[in-house]
Amino acid sequence: RGVLVLNVRIAPVADEYILLLADDRTEITRAQAIRTDFVANVSHELKTPVGAVGLLAEAIEGSADDPEAVRHFSRRLHKEAERLTSLVHDIIELSRLQGADVVQQGKLVELNRLVQDAVDRNRLPAEHKNITVKVGGSAERPVHGDPELLMTALRNLIDNAIRYSPENTRIGVGIRSRDGTVSISVKDQGPGIPESEQDRIFERFYRVDAARSRQTGGTGLGLSIVKHVMAQHGGEISVWSAPGQGSTFTVTLPEVDEAAERDLERGEAE
Ligand code: ADP
């Protein structure tokens with residue numbers, strides 16, 4: 001931060017003069033560092049489950065005459081395979097979102113429906129922990145974007161709220177239109193996040209409690225994906241949280257006004 005990377009070339013042009021060419025490499029260098037970092041992180045994250053799959057396969061082979069042990073190791077093998085699947089899925093999703101202009105041909109998206117769908121799709125894990133998810137409020141106008149990406153973002157927030165909350169708690173999902181924007185907030189009664197960690201949780205693979213994240217099936221990429229989906233839609237994400245007082249994640253998106261809606265509808269009809 002605060003460092004400028006310049007590629008400077010000096011060329012003599014006349015007896016008393018030199019030409020100094022400075023090429024600003026700051027952004028390129030930063031992008032390269034982020035990529036190198038990402039690859040290093042991905043390799044590190046993949047090593048553990050890939051190693052475990054190998055060891056568990058060996059353990060199954062070695063317990064051929066003990067059906068109970070075979071069942072036990074197979075269950076664990078299945079879990080590691082699932083973990084690998086979500087990790088690879090999230091890595092691909094995030095790499096795609098880091099590219100330029102993912103949302104090229106956006107659509108008009110009705111958020112009220114989308115939010116309800118996102119809640120419905122997380123119904124099973126919520127029921128499993130006896131967590132009630134309640135939706136309140138509504139959006140007055142649609143937004144413009146990619147419904148699948150917006151669905152992914154909402155599901156990630158609801159999924160986190162369910163995973164980090166204790167059993168028998170409540171999650172509130174609120175939709176609200178204001179000043180040309182619509183915000184959706186997901187409020188849980190989970191453990192909360194210390195203020196010092198609140199900026200970092202949006203970084204790739206950053207977890208406040210790595211053991212808890214892994215144990216609940218997290219990849220450490222969920223919030224990073226939400227952040228990128230919002231950036232691709234001209235929106236943003238913020239968090240309010242305090243230890244012991246739960247967390248509220250809020251995403252805000254620009255609404256489409258009536259004139260733009262007519263233009264878009266005409267475009268979609270053609
Ligand atoms: P993960 O797959 O680990 O959940 P995320 O990127 O979704 O990855 O979240 C990053 C970290 O932020 C989590 O590991 C967890 O420590 C914290 N976190 C996210 N959502 C919540 C929440 N609703 N309540 C408490 N902590 C949360």
Side-chain angles (χ1 to χ4, degrees), residues 78-79 81-94 96-97 109-139 142-143 145-176 182-193 201-202 204-209 212-230 232-233 235-241 245-253:
H78 190 212
K79 251 203 132 93
E82 269 180 357
R83 199 174 138 55
L84 268 172
T85 309
S86 11
L87 201 54
V88 169
H89 172 273
D90 280 4
I91 289 167
I92 293 173
E93 189 78 350
L94 189 59
R96 194 163 74 89
L97 282 165
V109 185
E110 290 296 340
L111 283 178
N112 299 329
R113 267 267 303 280
L114 202 80
V115 168
Q116 192 56 55
D117 279 358
V119 170
D120 291 344
R121 291 203 204 172
N122 277 305
R123 211 187 65 229
L124 279 179
E127 275 177 8
H128 197 69
K129 291 176 81 174
N130 195 26
I131 290 175
T132 327
V133 186
K134 214 170 162 189
V135 182
S138 67
V143 298
D146 181 326
E148 271 170 43
L149 288 182
L150 292 171
M151 172 62 95
T152 300
L154 291 173
R155 283 190 69 180
N156 281 359
L157 292 182
I158 299 168
D159 175 67
N160 276 355
I162 296 170
R163 279 191 300 115
Y164 292 104
S165 291
E167 293 185 356
N168 311 312
T169 51
R170 282 193 307 274
I171 292 172
V173 182
I175 316 172
R176 181 171 171 188
V182 56
S183 61
I184 300 159
S185 57
V186 179
K187 182 178 162 78
D188 66 47
Q189 299 176 314
I193 303 159
I201 52 173
F202 300 101
R204 289 163 305 203
F205 296 120
Y206 189 83
R207 300 149 169 128
V208 179
D209 178 348
R212 193 186 172 109
S213 158
R214 290 211 177 85
Q215 186 204 330
T216 59
T219 62
L221 293 176
L223 287 178
S224 208
I225 290 176
V226 181
K227 189 175 152 188
H228 278 87
V229 170
M230 288 306 129
Q232 292 276 353
H233 285 81
E236 51 191 44
I237 176 160
S238 62
V239 60
W240 182 93
S241 184
Q245 295 182 50
S247 310
T248 304
F249 284 87
T250 305
V251 289
T252 310
L253 290 157

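Hydrogens, waters and symmetry mates play no part in the numbers below; they use all other heavy atoms, side chains included.
Residues I171 and V186 are in side-chain contact: their nearest non-hydrogen atoms beyond the backbone lie under 4.5 Å apart. Between R176 and V182 there is no side-chain heavy-atom pair separated by less than 4.5 Å. Side-chain atoms of V143 and L150, non-hydrogen and from C-beta on, do get closer than 4.5 Å to each other. Taking 4.5 Å as the limit, every side-chain heavy atom of V109 sits out of range of all side-chain heavy atoms of P142. Residues L223 and N156 form no side-chain contact, since every pair of their non-hydrogen atoms from C-beta on lies 4.5 Å or further apart. Inter-residue side-chain proximity for E167 and I131 is flagged as unmet; no heavy-atom pair is nearer than 4.5 Å. Using a 4.5 Å heavy-atom threshold, the side chains of N160 and F249 count as separate. Annotation: side chain of V226 is not in contact with side chain of L154 (no heavy-atom distance under 4.5 Å).
Listed by chain and number, the residues in a side chain to side chain contact (heavy atoms under 4.5 Å, CB included) with E236 are T252 (sequence neighbours excluded). Judged as a side-chain hydrogen bond (donor to acceptor under 3.5 Å, both in side chains), and not counting sequence neighbours, the contacts of D90 are T219. Partners of E82 by side chain to side chain contact (heavy atoms under 4.5 Å, CB included), not counting sequence neighbours, listed by chain and number: H78. Considering only residues two or more places apart in sequence or on other chains, E93 meets the side chain to side chain contact (heavy atoms under 4.5 Å, CB included) condition with R96, L97, L149, T152, I225. For S213, the side chain to side chain contact (heavy atoms under 4.5 Å, CB included) criterion is met by Y164, R207, not counting sequence neighbours. Take N122 and apply the side-chain hydrogen bond (donor to acceptor under 3.5 Å, both in side chains) test, not counting sequence neighbours, and it matches no residue. For R212, the salt bridge (charged side-chain N to carboxylate O under 4.0 Å, His left out) test picks out no residue, with sequence neighbours left out. The side-chain hydrogen bond (donor to acceptor under 3.5 Å, both in side chains) check on D209 picks up nothing, with sequence neighbours excluded. Listed by chain and number, the residues in a side-chain hydrogen bond (donor to acceptor under 3.5 Å, both in side chains) with E148 amount to none (sequence neighbours excluded).
Across I158, D120, V173, a single residue satisfies side chain to side chain contact (heavy atoms under 4.5 Å, CB included) together with V115, and that is V173.
The two residues G218 and R83 have their closest heavy-atom pair at O-NH1, 3.4 Å. Between P147 and L114 the shortest heavy-atom distance is O-CD1, 4.0 Å. Contact record, T250 with S183: CG2-CB, 3.9 Å, taken as the closest heavy-atom pair.
Applying the salt bridge (charged side-chain N to carboxylate O under 4.0 Å, His left out) test to every pair with at least one member in residues 121-135, sequence neighbours left out, gives these pairs: R123-E127. Applying the salt bridge (charged side-chain N to carboxylate O under 4.0 Å, His left out) test to pairs two or more places apart or on separate chains, those with a residue in residues 149-163 are D159-R163.
Taken from CD1 in I237 to OG in S224, the straight-line distance is 10.0 Å, to the nearest 0.5 Å. Between atom CG of residue L87 and atom CG of residue L221 there is a gap of 6.5 Å, rounded to the nearest 0.5 Å. For the atom pair CD of Q245 and CD of Q189, the computed distance is 12.0 Å after rounding to the nearest 0.5 Å. Put simply, CD1 on I175 and OG on S138 are 6.5 Å apart, with the number rounded to the nearest 0.5 Å. Remark: M151 CE to L111 CG distance equals 10.5 Å, nearest 0.5 Å.
In this structure, a donor-acceptor pair under 3.5 Å is absent between the side chains of N112 and Q116. Checked by atom type, the side-chain pair S241/S247 shows a donor-acceptor distance below 3.5 Å.
Side-chain N or O atoms of T169 include none that pairs as donor or acceptor with a backbone N or O of S165 at under 3.5 Å.
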